[in-house]
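Just so it is clear, the model here is predicted, and its values are computed rather than measured. We count residues from 1, following the sequence as given.
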Amino acid sequence: MKIELKKYNEQIKEWPKSGHHIMAQYDDEKIVVYQSYRKEIGEFAVKNQFFGGAFSLERMTWIKPNFLWMMYRNGWGTKEGQEVVLAIHLKREAFQKYLQNAVYSTHDSSLGKSYEEWQIEVKTSSVRLQWDPDHDPYGSKLERRAIQIGLRDEFTRSFSKEDILLIEDISDFVQEQYEFVQKRQLENLLIPAEKPLVFQDEELNKKLKISGNHE
């Protein structure tokens, strides 16, 4: 795997406990996001290094930069149709472009837009943005919020191919780590090393409600 790993117990000492944070593994060039698929789609993506075959370009596809939030959603790869867990290394500029074009899934009056304005934006936008409660390895809710991004139309097309640097199947790693969770041995749990992502684009940080030190 091309992912940097770190002990879960060490990371939680450094992570923010609350607020809106894009927790992710990233550098200047790339950011790692996660998805889970049935075998047919996952194996095609790993073999060909792009999404095709049974993958639908017509449906909205959701990406999650936060590993533990993905594990909460896919039951550590045990849910039906989510057995193949993929780590997708995306061009960071593409990820930023998604967020610049994103519209919140639900109306948020704090962003200064009326319900009617938001409705028009939702209909015309091809990127959705949601903040949900983050979760610990056992699936318990946390104060901190985790982001997920939904892509459709031209964004699904660019995401499926040209925005990707690498697709890795991390299903075996997920299953190995899930054993520690089931045995309640979090001192042994290894997960991708993640830290909050803050953009140099102040407007984007404000739109996303994130704050912190700049990269």
Output, in order, the C-alpha distance, side-chain angles, deciding distance and verdict of side chain to side chain contact (heavy atoms under 4.5 Å, CB included) for His20 and Leu208. CA-CA 8 Å; His20 296 71; Leu208 297 172; over 6 Å; no

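- Contact annotation: the side chain of His89 approaches that of Ile3 to within less than 4.5 Å [non-hydrogen atoms, C-beta and beyond].
- Outside the 6.0 Å centre-distance limit, the rings of Phe55 and Phe50 are not counted as a close aromatic pair.
- Among all heavy-atom pairs drawn from Ser125 and Val103, the shortest one is CB-CG2, 3.4 Å.
- Put simply, Leu142 and Ile210 are part of two different groups of oily side chains (I, L, V, M, F, W, Y) that touch within less than 4.5 Å, one to the next.
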Side chain to side chain contact (heavy atoms under 4.5 Å, CB included) evaluation trace for Lys7 with Leu190: CA-CA 5 Å; Lys7 283 273 178 76; Leu190 274 175; 4.2 Å; yes

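- Ile149 and Met71 are assigned to two separate hydrophobic clusters, defined by single-linkage of ILVMFWY side chains at heavy-atom distances under 4.5 Å.
- Put simply, Phe51 and Val46 are part of the same group of oily side chains (I, L, V, M, F, W, Y) that touch within less than 4.5 Å, one to the next.
- When every heavy atom of Leu68 is checked against every heavy atom of His135, the shortest pair comes out as CB-O, 3.9 Å.
- Nearest heavy atom pair, residue Gly42 against residue Val84, reads CA-CG1, 3.8 Å.
- Here Tyr98 contributes atom OH and Leu90 contributes atom CG; the two are 5.0 Å apart, rounded to the nearest 0.5 Å.
- In this structure, CD on Gln175 lies 10.5 Å from CD1 on Ile170, to the nearest 0.5 angstrom.
- Tyr138 and Trp15 fall within the same hydrophobic cluster, where Ile, Leu, Val, Met, Phe, Trp and Tyr residues are linked whenever their side-chain heavy atoms come under 4.5 Å apart, directly or through other members.
- The minimum heavy-atom distance between Lys207 and Tyr104, with the atom names listed, is O-OH, 2.7 Å.
- Taking the six-membered ring where the residue is Trp, Tyr178 and Trp76 present parallel rings, their angle staying beneath 30° rather than reaching 60°.
- No close placement of the Tyr37 and Phe44 rings is indicated, their centers lying 6.0 Å or farther apart.
- Note on ring orientation: taking the six-membered ring where Trp is involved, the planes of Phe67 and Tyr34 are perpendicular (angle over 60°, cut-offs 30° and 60°).
- Annotation for Gln49: atom CD counts as buried by contact number, over 12 foreign heavy atoms lying within 6.0 Å.
- Lys39 NZ: 12 or fewer foreign heavy atoms inside a 6.0 Å radius.
- To the nearest 0.5 Å, atom CZ of residue Phe199 and atom CG of residue Leu204 are 5.0 Å apart.
- Surrounding CD of Glu162 are more than 12 heavy atoms belonging to other residues, nucleotides or ligands, all under 6.0 Å away.
- The shortest heavy-atom contact between Glu143 and Ser18 is CB-CB, 3.8 Å.
- Of the inter-residue distances, the one linking Met1 atom CE with Asp169 atom CG reads 10.5 Å to the nearest 0.5 angstrom.
- Linking ILVMFWY side-chain heavy atoms closer than 4.5 Å, directly or via other members, places Ile12 and Ile191 in a single hydrophobic cluster.
- To the nearest 0.5 Å, the span separating NE2 on His21 from CG on Leu197 amounts to 12.0 Å.
- Contact annotation: the side chain of Lys206 never approaches that of Lys209 to less than 4.5 Å [non-hydrogen atoms, C-beta and beyond].
- Crowding of Glu29 atom CD: a count of heavy atoms from other residues, nucleotides or ligands under 6.0 Å not exceeding 12.
- Heavy atoms of other residues, nucleotides or ligands lying less than 6.0 angstrom from CG of Asn48 number more than 12.
- Residue Tyr72 qualifies as open at atom OH: its count of foreign heavy atoms under 6.0 Å is 12 or below.
- Between Arg38 and Glu40, at least one side-chain N (NZ, or NE/NH1/NH2) sits under 4.0 Å from a carboxylate O, which counts as a salt bridge.
- Screening Lys17, Arg144, Arg73 for a salt bridge (charged side-chain N to carboxylate O under 4.0 Å, His left out) with Asp134, the sole residue that qualifies is Arg144.
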